*Asks:* 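Could you have a look at this structure, given as structure tokens, before my questions?
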Amino acid sequence: MEGLTFRLGQSTDFHEILKISEGIYEGHDYLPKRYHTWMEMENWNVMLAFSGDKLSSLVAFAVVDEGKTYVTRAARTLQEFRGQGIYKALLKAVTGFIRSRFSTVSRQRLAAHGKHAAYQSFRPIGFQDSLACFVKEATLRPQKRSFFESVQVESCTQEYLCDVLFSPTVAEKLFPHNIINIDYFPIEPFRSNIDYLLKEYGDVYFAVEKSLDNINAPPRSVSFGVFSPRVAYTHWKVSIYADDPMLFEAHLLHQFKHACRVIQEAFLFATLHDKRFTKCGRSVLTEILKVEIEEDWSSEAVHLYEISV
């Protein structure tokens with residue numbers, strides 16, 4: 001496009017990044033909190049599009065899945081430049097960069113709320129429901145029923161996660177399409193991907209169920225919790241993978257309690273999970289934990305897309 005140029009973002013671009021993110025998501029934008037971290041991470045980049053000398057659009061992207069995939073996040077376009085094809089041209093610039101630097105990459109993936117015309121050329125590869133609530137105090141509400149006697153959820157180490165849960169026989173049962181979607185970042189169950197998450201977030205909380213009936217049985221559920229600061233708010237984002245409602249509820253309660261201990265202030269608690277468990281998740285949040293559902297954050301499914309490059 002005439003007058004349009006592209007280049008990779010640098011740390012010195014931060015003030016321009018703040019301008020393009022100003023007012024986005026009413027204080028829930030994560031880009032300003034992540035930008036400097038991404039600048040320091042291997043295989044993480046932010047591509048900028050300039051119309052003349054004005055930053056008009058950007059997108060962040062990371063090469064993951066042991067070099068097979070790049071994932072895009074944090075797409076932004078200034079209001080005055082929307083509808084002009086700039087973002088489409090920006091994605092072409094990203095693809096060109098990827099092809100020139102990463103010969104093993106064969107696909108792009110992303111996670112987004114709802115179905116968008118911009119992704120018509122992408123192949124849907126799954127979706128999850130979302131539930132969110134605003135926790136106004138850092139203490140867990142009194143519970144009206146006890147935890148499940150047959151299920152105990154506990155933290156696990158990165159080594160256990162990668163060695164046991166990421167083993168092919170366990171992972172194929174836990175993760176649909178062999179994808180884990182953590183805070184809108186779809187990745188495959190590889191140790192290297194967990195290393196990227198730890199660098200980005202500083203910490204990730206892993207939890208599994210411990211069966212009291214058969215301690216040698218492989219786990220049938222796992223959840224991931226991440227502390228995710230935003231411009232004006234704090235989020236605790238949870239992804240839960242389970243094969244029955246009891247396990248899902250146990251993880252939901254466990255992650256909620258852990259988040260309250262970690263954050264110690266008002267925060268948004270949000271989950272990604274199988275659609276089958278949304279009804280019981282609403283019940284846990286409203287009837288047991290006594291919090292109100294944030295419908296604006298819970299109304300649309302999160303869709304996963306991919307396209308060959």
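Nothing fancy with the numbering, it's 1 onward along the sequence. What you see is a predicted model, and the numbers here were worked out from it, not measured in a lab.
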*Asks:* Please determine if Asp13 and Arg7 form a salt bridge, counting it only when a charged side-chain N lies under 4.0 Å from a carboxylate O.
*Replies:*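 Between Arg7 and Asp13 there is a salt bridge, with a charged N closer than 4.0 Å to a carboxylate O.
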*Asks:* Between Glu200 and Lys33, does at least one N-O distance fall below 4.0 Å, as a salt bridge requires?
*Replies:*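 Lys33 and Glu200: not salt-bridged.
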*Asks:* Taking 4.0 angstrom as the limit, do Lys136 and Glu265 come out as a salt bridge?
*Replies:*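 No.
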*Asks:* What's the verdict on side-chain hydrogen bond (donor to acceptor under 3.5 Å, both in side chains) for Thr77 and Ser57, showing C-alpha distance, side-chain angles and the deciding distance?
*Replies:* CA-CA 4 Å; Thr77 301; Ser57 186; 2.9 Å; yes
*Asks:* Give a yes or no on whether a salt bridge exists between Lys19 and Glu22, defined as a side-chain N under 4.0 angstrom from a carboxylate O.
*Replies:*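 Between Glu22 and Lys19 there is no salt bridge, as every charged N stays at least 4.0 Å from the carboxylate O atoms.
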*Asks:* With no hydrogens and no angle check, do the side chains of Ser239 and His273 hold a donor and an acceptor under 3.5 Å apart?
*Replies:*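 There is no such pair between these side chains.
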*Asks:* Apply the test ring pair (Phe, Tyr, Trp, His ring centres under 6.0 Å) to residues His303 and Phe122: give CA-CA distance (whole Å), side-chain angles for both, the deciding distance (0.1 Å), then the verdict.
*Replies:* CA-CA 11 Å; His303 292 257; Phe122 286 69; over 10 Å; no
*Asks:* Using 4.0 Å as the upper bound for N to carboxylate O, is an ion pair formed by Asp183 and Arg230?
*Replies:*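 So Arg230 pairs with Asp183 through a salt bridge.
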*Asks:* Kindly work out whether a path of hydrophobic side-chain contacts (I/L/V/M/F/W/Y, heavy atoms less than 4.5 Å apart) joins Tyr70 to Ile182.
*Replies:*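 In one cluster: yes.
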*Asks:* Would you check if there is a donor-acceptor pair between the side chains of Ser308 and Arg107 at a distance under 3.5 Å?
*Replies:*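 Distance-only check fails for Arg107 and Ser308.
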*Asks:* Where do Asp29 and Pro32 come nearest, in terms of heavy atoms and distance?
*Replies:*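 Heavy atoms only, the tightest pair is OD2-CD, 3.3 Å.
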*Asks:* Output yes when Lys54 and Glu80 qualify as a salt bridge under the 4.0 Å nitrogen-oxygen rule, no when they do not.
*Replies:*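 Yes, this pair counts.
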*Asks:* Salt bridge check: are Glu287 and Arg282 linked by an N-O gap of less than 4.0 Å?
*Replies:*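 Looking at Glu287 and Arg282, the cut-off is not met.
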*Asks:* Between Asp129 and Lys275, is there a salt bridge with N-O shorter than 4.0 Å?
*Replies:*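 No, Lys275 and Asp129 are not salt-bridged.
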